[in-house]
Every structure is written in structure tokens, then in C-alpha cells.
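The next block holds one structure in the form of C-alpha cells; read it before the comments.
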Amino acid sequence: KYMIAHDRAVIADGSNLEFEFKATDVNGVERDLMGFRFPVFGSDDEVAGVGGVNIDITERKQAETELEESTRLLRHVLDTIPQGVVKFDNNQNLVVWNKQYQELTGLPDKLMTPNRPLRDLSLHAAKLGHFGEGDPEDLADERVRLLFSGEDDRSEVRGDENRIFDVMQRTTDDGGIVITYNDITERKRAERELEKKQEQLRIVLEHMPGGISLLDADLNIVLSNDNFYKTDEVPEELAQAGVPIEKAVRHLIAASSPDPKQKERLIAKRMRDMRSPEAIEIERLMPSGRTLSTRQVPVPGGGVVAVTID
């Protein structure tokens with residue numbers, strides 16, 4: 001009945017017909033078939049019969065099903081990760097993206113369609129001022145040129161509402177590009193707050209009468225004030241962040257102890273003292289004749305804070 005209905009439709013319309021259907025083969029296995037029906041015309045140009053061809057498309061349907069499942073899983077993965085992700089093909093057209101990308105960039109739904117040219121998206125962003133001042137058309141062209149320069153890139157980009165994105169671009173083997181957007185607004189805000197607090201701490205340290213230094217667990221200088229190198233009578237370059245405190249210790253002991261063996265013993269003792277698990281106080285007579293008192297206190301996690309006064 002199903003086939004007869006199609007044949008009658010071809011006879012009635014006098015036109016070709018294409019349809020999909022399922023059938024069971026001689027082994028009892030269900031197959032997917034594509035049916036083609038076409039009218040056969042007689043000498044009077046009237047439909048005299050119906051011709052037809054059935055093609056087995058089972059493998060193609062299976063491949064389509066597998067592709068749909070892979071696409072669904074890919075979409076699920078893309079929508080799960082926190083970063084925005086987008087891919088453009090080698091023709092500079094939009095291929096795939098996740099919802100985070102659209103949310104982070106603020107691109108409207110009307111622009112987010114497969115095969116949409118990258119330039120359309122770039123022009124929209126340029127008109128919103130995301131690429132700085134200038135003619136939006138020129139800025140959009142420059143953006144596309146940079147993205148498809150063939151070089152991987154990483155940059156910070158400002159979006160709507162002063163949001164800041166860490167943008168990474170990678171060229172794919174097929175000549176397209178993949179771009180990831182990571183919202184780092186809160187991280188940048190925290191960095192600014194930290195810089196502000198560090199500057200406030202620096203001001204406090206510089207106005208304290210003694211020399212102050214903070215060492216990490218490896219006894220490298222983390223921070224110090226100017227009075228540290230002035231009070232301890234060491235060169236300024238030995239009091240910079242990242243410099244091992246042992247260099248300053250060696251400089252001081254070398255100036256006061258000419259005996260090499262005694263010098264190494266004094267250096268070893270001073271370094272042991274700095275690793276003391278308890279707070280200690282040390283008095284030192286400097287080559288200049290000044291007497292310094294240093295109080296050092298271990299800090300949680302390793303390291304020490306030392307305060308030296310004349």
C-alpha cells in the first residue's frame with residue numbers, strides 16, 4: 001500500500017518523487033532505503049507507467065546518526081567548560097561556538113549562525129568600541145587580518161561592562177582558527193587590589209626607622225625597605241627581591257673576617273640562625289663601628305621576617 005500510494009502520486013502529478021523508507025532484507029535485517037519514482041510517458045505524452053529505483057542508504061544513515069551523536073557530545077562538552085570557544089574555517093566563516101563565547105562577547109543571536117563570516121562579528125564588535133578608536137570598517141578588516149595571519153597569539157581584550165578577557169588563538173591544521181575567551185576580570189581586579197596594598201605596605205616599610213626584610217623558605221629576599229641595605233651596610237643590588245640573602249651575609253662577613261675558614265664558619269652559623277624555628281635576637285658589631293640588633297621571626301610555611309635597628 002505504501003508503494004502503491006507513491007506510484008499513484010507520481011501518476012497523478014506527472015513528476016519525480018524521492019522518499020526514504022525501511023525494508024527487511026532476505027536475512028531479516030531491517031535496512032534504510034532511498035526510493036526514487038519517476039513517470040514514464042507514452043507517445044501521447046501522457047503518463048503510461050511508473051519507473052523506480054531503490055538505493056540502500058543504511059550505512060549513510062548510520063554515519064549520520066553517529067555524526068549527530070558526536071556533534072551532540074561536542075556541544076555538551078563545549079557548553080560545560082567555563083571558557084568561551086569559537087572556531088572559524090579556512091574561509092573565515094563561523095563553524096562552531098559555545099554559549100559561553102556568545103555570553104562573554106555579547107554577540108546577538110542574529111549573528112550567531114553557521115557560515116557567518118568572521119568579518120560580520122568583527123564589525124559588530126568594532127562598532128561597540130572593543131577594538132579601540134577608529135573607523136569600524138577598517139578595525140574589522142584589521143581584526144580579521146590579524147586572526148588569520150597564520151600565527152598563534154595571546155592577548156587581553158576588553159569587552160562590555162569593562163570586562164577583561166584572556167584571548168588565545170590557535171591555527172588549526174585545516175587552515176582555520178580556534179579562539180578561546182577566558183574572563184579574567186576578577187583576577188585583574190584582584191591584581192590591582194594587591195598592587196594597591198603592596199604600595200601601601202611599601203610606604204609603611206619605607207617610613208619605619210629600622211631595616212626590614214622578608215625571606216621565603218629558600219631564604220631568598222621577597223621584599224625589603226631601603227633601610228635594610230642602608231642599615232646592614234650592603235650594596236643595594238644585594239637587597240633586591242629574588243636575591244639569596246646568603247649573598248648579603250657573605251658580603252658582610254667578608255668585610256669583617258679575613259680568615260677564609262673562619263669566614264665560612266660564620267656564614268654557615270648565620271644561615272643556620274635564619275632557619276631557626278623560633279624567634280631570636282642577634283647583636284652584630286659592624287665594620288663601621290655601629291652595633292646592630294636584629295630580631296628575626298619565622299613565618300608560617302617557611303621563611304623569616306627580620307627587623308634590624310641601630
Side-chain angles (χ1 to χ4, degrees), residues 20 32 57 59-195:
E20 293 183 11
D32 289 292
I57 59 171
E59 292 183 359
R60 191 193 79 183
K61 296 293 288 186
Q62 289 175 344
E64 290 175 352
T65 300
E66 292 173 359
L67 178 60
E68 290 174 359
E69 178 63 14
S70 297
T71 302
R72 186 189 67 80
L73 291 174
L74 175 61
R75 172 61 60 187
H76 176 72
V77 171
L78 290 176
D79 287 340
T80 300
I81 62 177
Q83 292 84 8
V85 180
V86 64
K87 183 183 188 307
F88 296 91
D89 62 23
N90 56 8
N91 292 317
Q92 303 178 356
N93 295 325
L94 182 62
V95 177
V96 66
W97 66 97
N98 64 356
K99 62 182 181 181
Q100 288 86 341
Y101 167 76
Q102 188 173 357
E103 291 172 356
L104 291 174
T105 57
L107 291 166
D109 291 339
K110 64 180 181 180
L111 288 179
M112 304 308 295
T113 56
N115 296 317
R116 171 73 66 175
L118 168 60
R119 191 182 184 283
D120 291 356
L121 308 185
S122 299
L123 181 60
H124 176 84
K127 289 179 178 178
L128 294 177
H130 292 175
F131 305 145
E133 297 182 356
D135 181 73
E137 299 284 347
D138 294 338
L139 292 172
D141 289 338
E142 178 65 12
R143 179 64 175 169
V144 173
R145 187 189 67 79
L146 288 174
L147 290 176
F148 275 87
S149 64
E151 298 181 359
D152 295 343
D153 186 44
R154 184 171 190 172
S155 61
E156 291 185 4
V157 176
R158 289 190 175 273
D160 294 335
E161 301 176 355
N162 292 321
R163 298 168 81 182
I164 304 174
F165 305 111
D166 178 21
V167 181
M168 296 182 63
Q169 171 203 326
R170 295 289 182 269
T171 301
T172 58
D173 293 339
D174 60 2
I177 58 172
V178 172
I179 309 174
T180 59
Y181 286 72
N182 190 24
D183 192 337
I184 58 172
T185 306
E186 291 303 319
R187 190 189 82 189
K188 300 297 287 188
R189 183 179 293 115
E191 289 176 355
R192 289 193 298 270
E193 287 297 321
L194 180 60
E195 290 173 358

Do the non-hydrogen side-chain atoms of [X] and [Y] ever get within less than 4.5 Å of each other?
| X | Y | value |
| --- | --- | --- |
| V167 | I179 | yes |
| P136 | F131 | no |
| L107 | L121 | yes |
| Q100 | V85 | no |
| H124 | P108 | yes |
| Q92 | V144 | yes |
| F165 | E156 | no |

Is [X] salt-bridged to [Y], cutoff N-O under 4.0 Å?
| X | Y | result |
| --- | --- | --- |
| R192 | E195 | no |
| E103 | K99 | no |
| E137 | R119 | yes |

Output the distance between atom [atom1] ([X]) and atom [atom2] ([Y]), rounded to the nearest 0.5 Å.
| X | Y | atom1 | atom2 | value |
| --- | --- | --- | --- | --- |
| L94 | F88 | CG | CZ | 5.0 Å |
| D135 | E142 | CG | CD | 12.5 Å |
| R145 | D141 | CZ | CG | 10.5 Å |
| N98 | Q83 | CG | CD | 9.0 Å |
| T171 | N90 | OG1 | CG | 11.5 Å |
| L147 | I177 | CG | CD1 | 4.5 Å |

By side-chain contact (heavy atoms from CB on, under 4.5 Å), which residues pair with [X], not counting sequence neighbours?
| X | answer |
| --- | --- |
| K61 | E20, D32, I57, E64 |
| R154 | D166, M168 |
| T172 | K87, D174, V178 |

- Query: Can you tell me if R170 uses its side chain to pair, donor with acceptor, with the backbone of D152 under 3.5 Å?
  - Reply: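 It does not hold such a pair.
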
Non-neighbouring partners of R143 that pass salt bridge (charged side-chain N to carboxylate O under 4.0 Å, His left out), sequence neighbours left out =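 Expected list: none.
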
Before you tell me yes or no, could you show the steps for L146 and E151 under side-chain contact (heavy atoms from CB on, under 4.5 Å), namely the whole-Å CA-CA distance, both residues' side-chain angles and the distance that decides it to 0.1 Å?
CA-CA 8 Å; L146 288 174; E151 298 181 359; over 6 Å; no

ring-ring contact (aromatic ring centres under 6.0 Å, His included) filter on Y101, not counting sequence neighbours, yields Y181

>> I'd like to check the side-chain hydrogen bond (donor to acceptor under 3.5 Å, both in side chains) partners of E193; sequence neighbours left out, ordered by chain and number.
In response: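 Checked E193 against side-chain hydrogen bond (donor to acceptor under 3.5 Å, both in side chains); zero matches.
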
